[in-house]
Amino acid sequence: MSEILLKGIGIRKYFPIRGGVSGRTLGYVHAVDDVNITIYKGETIGVVGESGCGKTTLGRVVLDLIDPTTGALFYKPNESEMSQLEQLYSELTSGGARELKKEEKKILNTTKDNIYKSRRKKKDFRSRVQIVFQDPVSSLDPRMLIKDVIFEPIKINGIPVEGEDDNGKQKRVRLRGDAATKYILDIVTEMGLNEDHLFRFPHEFSGGQRQRIAIARAIAVKPEFIVLDEPTSALDVSVQAQILSLLKNLQQKYNVAYMFITHNLAVIRAVSTRVIVMYLGKIVEEALTDELFEYPIHPYTQALISAIPVPDPNFKRSRIVLSGDVPSPANPPSGCRFHTRCRFAKEICSTEEPKLKEIRTGHVVACHFAEDILKTESERTGIKKISEIAI
Amino acid sequence: MNKLVGEALVVKDLKTQFFIYDGVVKALEDVSFILKKGEVLGIVGETGCGKSVTAYSIMRLIPDPPGRIISGQIKMGDYDLIKGMDQEVDIILKKRPKIRHHNKMIKKNEYLYNKIRGRYISMIFQEPMAALNPVFTVEDQIVESLYLHSKTKILRVIKSASEHISDLQSFKDKGGITSELSGEVGVELQKIKIQKKGFESEGKHLEMLIDEATKYLAKKNKYDEMLKESIEVDSLEDSLFGNIGEEERARILKVLSKEAKKSHLTRLTKRLKKRNPDPVISEARREAFGLLESVNIPNAFQILKNYPHELSGGMLQRVVIAIALSNDPQILIADEPTTALDVTIQAQILELLRDLRKNRGTSIILITHDLGVIAEMCDRVAVMYAGNVVETAPAIELFHNPKHPYTIGLLQSIPRIDDPTKKLNIIRGTVPNLIKPPTGCRFNPRCQFAFDKCTVEIPPTIETSEGHTVACHLFSGKEVR
Amino acid sequence: MTTESAGSEFSRALKKRLESSKRSFYFLTRSPLATIGLAVVIFYVILAIIGPKLVGGNPSVMTAYPIYHGQPIIFNPLPPFEYAKFPLGTTIGGYSIYEGVLKGARVDLELASIIVFSGALIGTVLGSVAGYKGGAIGEAIMRGTDIFLSLPYIVLAVAFLTVFGRYESVMIESLILIWWPTYTRIVRGQVLSVREQKYVEASVAAGSSSLRTVIKHIIPNSIYPIFVQISLDFGNVILTLASLFYLGFTFAGPGFAEWGNLLSRATSAGTGGAALESYPWAVTIPGLVILIFVLALNLFGDGLRDVLDPRMRR
């Protein structure tokens with residue numbers, strides 16, 4: 001595949017639950033638990049899961065907006081650095097996925113700072129990544145005019161131009177006055193807004209327009225990577241279609257990589273090249289989009305796909321209705337976290353945590369019975385390229 | 001037409017407007033549709049198309065100010081929910097000058113409206129948390145709802161139970177249980193158990209049951225009194241559908257306004273706090289348990305004792321549905337019931353709604369923006385745009401043979417999980433501002449087929465095939481296809 | 001559009017902002033009480049600006065007229081509306097009440113402005129720090145706030161004036177010390193909620209520094225409730241000043257033009273407690289002046305609260 005843009009290894013994020021008079025820590029919410037993620041240049045990686053699965057937290061950690069509890073994060077890593085760390089990590093977790101010991105955490109934490117050893121590096125990283133939020137109401141400062149909203153990241157970071165500066169970094173220029181206005185105008189025109197809109201307050205816009213503004217703000221500094229945190233969940237379908245096509249066009253034009261976080265599998269299928277399915281802070285399945293939707297292996301993925309209402313009354317399929325709710329991430333079930341709701345669950349599921357294993361090329365699943373499911377699935381649907389099966 | 005195909009609700013030319021700083025928001029403009037008995041009618045549309053306002057108008061929940069139902073009819077049978085309800089309340093207001101003082105503030109008369117509205121129509125909302133009071137347990141809230149709406153029913157249950165028990169008592173007096181009687185007694189026991197919704201443990205002895213029965217009997221006179229009063233209140237509601245003498249009505253209203261004096265919740269909490277609870281309440285508690293079980297809540301007994309914030313979204317929505325069902329409504333309006341929920345939970349709730357409709361025959365109005373949910377749930381669909389119903393059709397017809405350009409655009413803009421290669425079509429532009437809606441057809445600025453007539457004339461609603469109506473100039477005058 | 005100059009861009013932005021204030025003003029004027037309050041407050045501010053010029057002389061000291069037309073009026077105040085020279089009559093010491101009220105408006109509004117705005121500034125800065133940074137610093141600030149809030153304020157001011165001497169600066173400082181904690185609390189609460197807004201996170205993600213985020217996003221969005229508090233506190237400060245002067249904790253001579261001081265003239269030593277019976281105007285007129293102003297401020301503050309309440313906006 002193409003160049004690696006971002007790589008996260010062993011990312012964990014535990015939020016402490018404080019309580020009592022003294023405010024001591026009573027426990028941890030395991031928002032993200034031991035996740036490895038790689039993002040390639042120019043791709044769209046979909047992250048899907050129900051509320052509380054840690055997908056939003058993962059997006060924040062990847063952008064370095066919050067510090068992970070453990071884990072290393074690399075922006076355009078070089079090969080030697082990478083292999084060294086991957087080896088270290090596989091050594092640490094060789095005994096199966098488990099809680100890291102204190103000294104192991106320390107080793108990982110020292111390398112965590114890779115992205116920004118200095119302020120300057122951090123700033124450089126910031127100018128290369130951006131985020132778009134779900135809620136178009138609270139993501140724009142209500143007391144700022146739209147032109148100021150879009151100008152903010154440009155003012156801080158400048159925009160990249162051809163050539164490199166003395167440190168071998170991308171050269172950036174800061175725009176002022178008319179040049180800035182023209183630049184902003186160009187961007188908003190591309191977003192389907194006009195000049196008039198620049199002199200309005202956020203509350204004067206509809207949800208879809210606000211989301212366009214938020215995207216304009218993100219794209220203004222020509223980033224290489226944008227985290228889209230449920231960008232269309234609060235929008236109507238017709239507006240959603242507009243935004244999705246806008247995002248697609250922008251991707252083609254600027255070759256930007258997206259991490260598309262959503263709970264809507266239909267949207268994921270429409271936009272992403274690769275999908276990660278998360279459940280209670282863990283990746284349960286990862287595959288190329290078509291592969292995942294054609295041959296979902298993990299029982300959770302299967303249930304998730306079957307639960308989506310299809311806008312066609314004649315569409316018939318076997319429905320898998322999961323019983324119960326998602327367990328609390330503060331107290332996740334032992335073993336496989338899905339076993340409490342899984343229809344295939346056996347004894348081993350509640351005791352031993354399944355490791356992610358590659359079951360077909362590029363198709364990674366964390367389930368004890370992945371092979372069995374694949375076998376019955378291939379018998380049922382008749383997967384053609386049976387030779388591709390890795391086992 | 002047989003009985004099941006009759007109309008449960010007819011909405012005709014409904015017009016609701018909001019008067020705000022910027023002007024008059026013409027939220028609903030001549031909205032008409034029919035809900036048939038036992039069917040699921042889907043109302044679909046984008047934000048601001050007026051689908052929720054329609055529901056609120058039917059429920060008479062439009063906040064006034066700034067909103068007002070300008071004109072139109074909402075009919076259940078022969079009863080007009082707008083005029084009839086206002087008349088009923090007006091009569092009460094005239095009797096009670098103190099309330100009349102607040103004539104304009106519907107809020108003050110909320111109780112009166114509640115009493116009338118909740119009896120036949122229930123509504124569930126998108127945010128289940130907002131529908132529940134955070135400081136009361138689930139049990140208290142279900143009991144309150146039962147107490148408000150189904151008191152008579154509960155009292156009747158208790159009364160018949162106590163009659164059975166008095167029979168049992170006489171058995172005992174006659175010399176206890178003999179072997180030849182045991183069969184009969186068994187039957188009686190069975191009856192009581194059913195009455196009590198399985199609350200009694202299996203091993204309970206007859207003596208204990210009789211013991212409980214005597215406790216009931218001690219209050220028998222009180223029940224009769226309450227029952228009488230309650231039936232009086234109840235018959236007002238019956239009067240909404242039937243004719244009743246003027247004198248009788250005045251008497252009923254007197255009772256009703258007496259009821260209105262106190263806030264029900266305060267009165268109820270007082271009763272709940274009593275050490276020996278009101279028998280109606282203890283019966284209502286049993287009923288509450290049964291209701292929770294009927295909406296497939298596991299360990300319902302535990303859930304009853306919880307506060308709303310202790311429950312997950314899906315569980316809360318079930319509780320809200322249970323409350324909505326507590327008065328056995330003929331019509332259930334579900335306003336985006338699954339929008340705030342995860343897909344796997346959404347699947348559970350939809351399953352539940354499907355069961356309800358099958359088992360109880362409740363007519364459901366399902367309001368949603370998710371065409372997938374519509375496709376899975378509905379018999380018929382009404383598509384709304386900018387305060388108008390633009391198309392009504394049976395679900396299969398609508399998805400396979402949409403007529404209105406907006407419906408077509410909407411259907412083509414959904415990403416399809418079953419057909420990812422399909423290119424998303426885009427409806428250009430945005431939903432219009434309803435203070436200054438476009439002239440003529442409200443969809444004309446965004447419509448790709450728009451022609452001169454569209455900007456001038458409001459399109460009439462035309463029936464293109466049986467049960468399929470569309471409001472579009474493309475179909476006026478000539479029969480397309 | 002590129003031909004448009006930066007000037008017109010600026011004016012367009014300004015126009016837009018004025019438009020939005022107009023909307024707020026409309027909501028304010030929808031409440032008749034708040035409108036009356038606002039009108040009265042504006043009237044007082046005008047008085048404070050032009051009042052001292054109308055009567056002339058030292059703007060903060062009242063002129064004493066011990067004798068009028070050969071009559072000693074030090075202890076025999078003249079009633080109002082009888083002498084053109086003293087439209088509102090005189091008080092003990094031969095001071096014109098009219099002059100006192102006008103000059104007092106300037107003095108009181110000046111003192112109150114210094115105290116309230118300094119308090120609000122200190123409170124806002126500390127509150128933002130406590131809210132945004134949190135941790136040990138935030139905790140320390142908030143506990144300090146608690147301590148100051150639990151002190152009885154008049155007593156503290158009295159103590160300060162007794163210990164450090166009766167100077168204007170001591171009085172101002174002691175009152176500022178009393179007035180900042182309320183603002184710290186309000187601002188911290190606001191910051192805590194604004195901090196969680198997505199636009200703050202977006203700004204951080206865009207590489208904005210903490211200081212920039214606080215100044216550009218957090219303070220502008222959390223500052224509005226303190227305007228309400230300022231308008232209410234203005235009244236409180238003026239009452240407190242009047243109380244202190246009335247109790248005799250002054251830093252200036254008996255002719256100092258302050259409403260409380262003017263009020264206290266009527267009951268100053270040597271006149272006994274019979275002021276209200278013998279010359280009621282000397283008590284009621286300054287009293288009414290203070291009462292109306294404080295009442296107007298409170299009405300206006302309440303109206304402002306309604307306008308700034310997010311539920312009122314759409």
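Letters A, B, ... are given to chains in the order of the sequence lines, protein chains preceding strands, and every chain is numbered from 1.
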Please check if atom [atom1] in [X] has more than 12 non-hydrogen atoms from other residues, nucleotides or ligands closer than 6.0 Å.
X       : atom1 : answer
F43(C)  : CZ    : no
L151(C) : CG    : yes
Y28(A)  : OH    : no

Practice prompt. Heavy atoms only, distances under 4.5 angstrom: which of D229(A), N157(A), V227(A), L140(A) has the most pairs with chain C? Name it, please.
Written response: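 Top count of heavy-atom pairs under 4.5 Å with chain C: L140(A).
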Worksheet entry | Any residue of residues 106-120 of chain C which, by heavy atoms, sits under 4.5 Å from chain A |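 Counting heavy atoms that sit under 4.5 Å from chain A, no residue of residues 106-120 of chain C is involved.
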Fill in: Min side-chain heavy-atom separation Q134(A)-K198(C) under 4.5 Å
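Side chain of Q134(A) against side chain of K198(C), heavy atoms only: no contact under 4.5 Å found.
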Practice prompt. Please look at E201(C) and chain A and tell me whether the side chain, the backbone, both or neither of the residue comes under 4.5 angstrom of a heavy atom of that chain.
Written response: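 Both backbone and side chain of E201(C) come within 4.5 Å of chain A.
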Item to complete: Sort K216(C) into side chain, backbone, both or neither according to what part of it lies under 4.5 angstrom from a heavy atom of chain A.
Response: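 When you check distances to chain A, atoms from both the backbone and side chain of K216(C) fall under 4.5 Å.
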Relative to chain C, which segment of [X] carries a heavy atom at a distance below 4.5 Å: side chain, backbone, both, or neither?
X       : value
D196(A) : both
D141(A) : both
V129(A) : backbone

Practice prompt. Could you tell me whether the side chains of S208(C) and E152(A) share a donor-acceptor contact shorter than 3.5 Å?
Written response: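 Result is no, nothing qualifies.
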Discussion item. Just verifying a value: how many Å separate S138(A) OG and Q197(C) CD, rounded to the nearest 0.5 Å?
Written reply: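 Those atoms lie 5.0 Å apart.
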Discussion item. Does R143(A) qualify as a cation-pi partner of Y199(C), given the criterion of NZ or CZ under 6.0 Å from the six-membered ring centre and within 45 degrees of its axis?
Written reply: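 No - R143(A) does not lie over the ring of Y199(C) by the 6.0 Å and 45° rule.
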Item to complete: For residues I156(A) and G207(C), report the shortest heavy-atom separation together with the two atoms involved.
Response: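 Smallest heavy-atom distance, with atoms named: CG2-O, 3.5 Å.
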Item to complete: Could you tell me which residues in residues 210-223 of chain A have at least one non-hydrogen atom under 4.5 Å from a non-hydrogen atom of chain C, sorted by residue number?
Response: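 From residues 210-223 of chain A, the residues near chain C are R217(A).
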